[in-house]
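The structure appears below as structure tokens.
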There are 2 protein chains.
Amino acid sequence: MGESKPRRRGEQLERAILEAAWEELNEVGYAGVTIEAVAARAGTSKPVIYRRWANRAELVLAAWGRQSPMRPDFKDTGTLRGDLMALFGAIAHRADRMMGSMIAGVMGETFRHPEMAALLQERLKSPPMVQVIQKIIDRAVARGELAPVTVSPRAGRVPLDLIRNESMLCRTPVPDSTIAELVDEVYLPLLRGLQPNN
Amino acid sequence: MGESKPRRRGEQLERAILEAAWEELNEVGYAGVTIEAVAARAGTSKPVIYRRWANRAELVLAAWGRQSPMRPDFKDTGTLRGDLMALFGAIAHRADRMMGSMIAGVMGETFRHPEMAALLQERLKSPPMVQVIQKIIDRAVARGELAPVTVSPRAGRVPLDLIRNESMLCRTPVPDSTIAELVDEVYLPLLRGLQPNN
DNA sequence: TCACATAAGAAACGCAACGTACTTTAAAGG
DNA sequence: CCTTTAAAGTACGTTGCGTTTCTTATGTGA
């Protein structure tokens, strides 16, 4: 066999596997991902994968972890509503159909592999979100749109939670109309209600 | 063989299967449910199940459908906050860990069986919720706790969505402290923010 | 009352993927 | 250069799927 493909190792191989896993995930969803297909796509074999991750859920979480985290751009749209629409839109854009499938899939396996629950939860807590929202609020306060407000961690997580919920249920990209509803009928009222003079 | 167990048919058999499926679901979670185990528990065989439901997701949804829907008791606790705590608590009580596993599992299969997405969504829309919340609000208005407010369908779904989200992520029964957070830091402010004089 | 249509029960199948074990072979490192 | 490491490849037993085939109990209606 003259064909001797250079044999990859360590970091390089691992990256190839995780990329293959991510692509599979996007094509067939969590339930459709098989270790064998990932191995084939990465041009490697099952044992190589099993040496690194104990099961599908771990592999998928690792593949997810390699994807660059959301970097919400702070560009000022000039209004509180505009900023919120942009933020919600950015979240929704990331939380597309595949995301829902993945979260659902991993979650579905936490009965068999309870240790995954913690990993998944940690991944979903998304700490930077509160700061982003606080920044948006501070700008609105500076504009005079809002009385000074501080959001609790819980209130800060609401946008992410609501959009994740929506995108998991709907399976399709969250439509703009839904984003507008969430902003106009939920989050803007919530922020107004948090103002001290109530 | 003197042992001739009476052979069940139709409705009776179907009920036995769905009950067995529900019990399996509660014991091992969606990912752990196997048609074979359900058949064994119901004292029947696989073909009998496959003759009725095309796959695990359909069977599980059917089993879920037999469970009595939530009947939120309207008992007046005397305060808006008390009523909301009771409502959120009732939702959380139903949306226990198994619920999360089931929703996640069915959702995870919507890649393979897209037709399930619609069924699941319909099941989750939970129409009566808005009326319940509106009733709670009206009582608060009558008490003078709140200026008159009407909640949009979207705002009315928020409690259910947030608690479902929470219970899916946490895997454990939603603790009272979380329910209090959702009421005090999210939903009460939201209702205040919806008042017209803002 | 009996014959027939229906559907339950049971066993086995081929398939796919799991997760593991074992061998061979290429690369890395002292 | 020689040893160690681990990747590639193969094969295995297991499980559950969804299906097929067959037998047999049950309810219906002639």
Side-chain angles (χ1 to χ4, degrees), chain A residues 1-21 24-25 27-62 101 105-106 108-109 111-113 115-116, chain B residues 1-21 24-25 27-63 101 105-106 108-113 115-116:
Chain A
M1 320 298 178
E3 304 303 325
S4 69
K5 285 165 295 185
R7 187 177 281 190
R8 298 158 300 180
R9 292 203 159 220
E11 191 59 35
Q12 185 192 0
L13 178 59
E14 188 158 324
R15 240 182 303 122
I17 294 170
L18 293 177
E19 269 167 35
E24 282 290 312
L25 211 38
E27 285 181 20
V28 296
Y30 183 87
V33 170
T34 69
I35 303 290
E36 273 157 353
V38 173
R41 186 192 279 263
T44 182
S45 61
K46 286 196 294 174
V48 174
I49 294 180
Y50 278 110
R51 238 172 263 136
R52 293 171 156 74
W53 301 278
N55 52 55
R56 182 170 55 159
E58 278 191 21
L59 171 62
V60 164
L61 281 188
S101 156
V106 174
E109 299 211 21
F111 247 93
R112 291 169 170 310
H113 305 284
E115 73 279 6
M116 309 274 4
Chain B
M1 319 301 178
E3 304 303 324
S4 69
K5 285 167 293 186
R7 190 178 279 190
R8 297 158 300 180
R9 294 201 156 220
E11 192 58 36
Q12 186 193 0
L13 178 59
E14 190 157 321
R15 241 182 301 123
I17 294 171
L18 292 177
E19 271 166 34
E24 281 291 312
L25 211 37
E27 284 180 20
V28 296
Y30 183 88
V33 170
T34 69
I35 303 291
E36 273 158 356
V38 173
R41 186 191 279 262
T44 182
S45 62
K46 286 198 294 174
V48 174
I49 294 180
Y50 278 110
R51 249 172 246 140
R52 290 158 205 275
W53 301 279
N55 52 56
R56 183 169 54 160
E58 278 192 21
L59 171 62
V60 165
L61 280 187
S101 156
V106 174
E109 299 212 22
T110 55
F111 247 93
R112 292 169 170 309
H113 305 284
E115 73 279 6
M116 310 274 6

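Labels below follow one simple rule: chain letters A, B, ... track the order of the sequence lines, proteins then strands, and each chain is numbered from 1.
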For B/T44 and C/dG9, is the shortest distance between a side-chain N/O and OP1 or OP2 below 4.0 Å?
-> yes
Should B/R52 be listed as having a side-chain N or O under 4.0 Å from OP1 or OP2 of C/dA8?
-> yes
Scan the side chains in residues 45-53 of chain A for donor-acceptor partners under 3.5 Å anywhere in the protein, sequence neighbours excluded, and list what turns up.
residue: A/K46; atom: NZ; partner: A/E36; partner atom: OE2; Å: 3.0
residue: A/R52; atom: NE; partner: A/E14; partner atom: OE1; Å: 3.4
residue: A/R52; atom: NH1; partner: A/V48; partner atom: O; Å: 3.4

When the distance from [atom1] of [X] to [atom2] of [N] is rounded to whole Å, what number comes out?
X: B/R8; N: C/dT6; atom1: CZ; atom2: P; value: 22 Å
X: A/E24; N: C/dA17; atom1: CD; atom2: C1'; value: 13 Å
X: A/I49; N: D/dG9; atom1: CD1; atom2: P; value: 13 Å
X: A/L13; N: C/dA28; atom1: CG; atom2: C1'; value: 15 Å
X: A/R15; N: D/dA7; atom1: CZ; atom2: C1'; value: 16 Å
X: A/E14; N: D/dA7; atom1: CD; atom2: C1'; value: 13 Å

Heavy-atom distance under 4.5 Å between the side chains of B/T34 and B/V28, does that happen here?
-> no
Using the test side-chain hydrogen bond (donor to acceptor under 3.5 Å, both in side chains), find all partners of A/E109 that sit at least two apart in sequence or belong to another chain.
-> A/Y30, A/R56
Who pairs with A/R41 by side-chain hydrogen bond (donor to acceptor under 3.5 Å, both in side chains), at least two apart in sequence or on another chain?
-> A/E23, A/E24, A/E27
Between the protein and nucleotides 21-25 of chain C, list the N/O to N/O atom pairs that are separated by less than 3.5 angstrom.
residue: C/dT25; atom: O2; partner: A/R7; partner atom: NH1; Å: 2.9

Please list, chain by chain and in numerical order, all residues satisfying salt bridge (Lys or Arg N to Asp or Glu O under 4.0 Å) with [X], sequence neighbours excluded.
X: A/R112; result: none
X: A/E19; result: none
X: A/E58; result: none

May I ask you to say what A/S45 touches in the nucleic acid, namely base, sugar-phosphate or nothing, with a heavy-atom cut-off under 4.0 Å?
-> base
List in chain and number order the residues that pass side-chain contact (heavy atoms from CB on, under 4.5 Å) with B/R9, two or more places apart in sequence or in another chain; answer none if no residue qualifies.
-> none
Indicate the atoms forming the closest heavy-atom contact of B/A16 with B/A42, along with that distance.
-> O-CB, 3.9 Å
Collect all protein-nucleotide pairs involving nucleotides 13-17 of chain D in which both atoms are nitrogen or oxygen and the distance is under 3.5 Å.
residue: D/dC17; atom: OP1; partner: B/I35; partner atom: N; Å: 3.0
residue: D/dC17; atom: OP2; partner: B/I35; partner atom: N; Å: 3.2
residue: D/dC17; atom: OP2; partner: B/E36; partner atom: N; Å: 3.4

Along DNA chain D (nearest heavy atom to each residue), the more 5'-positioned of B/R9 and B/H113 | B/H113
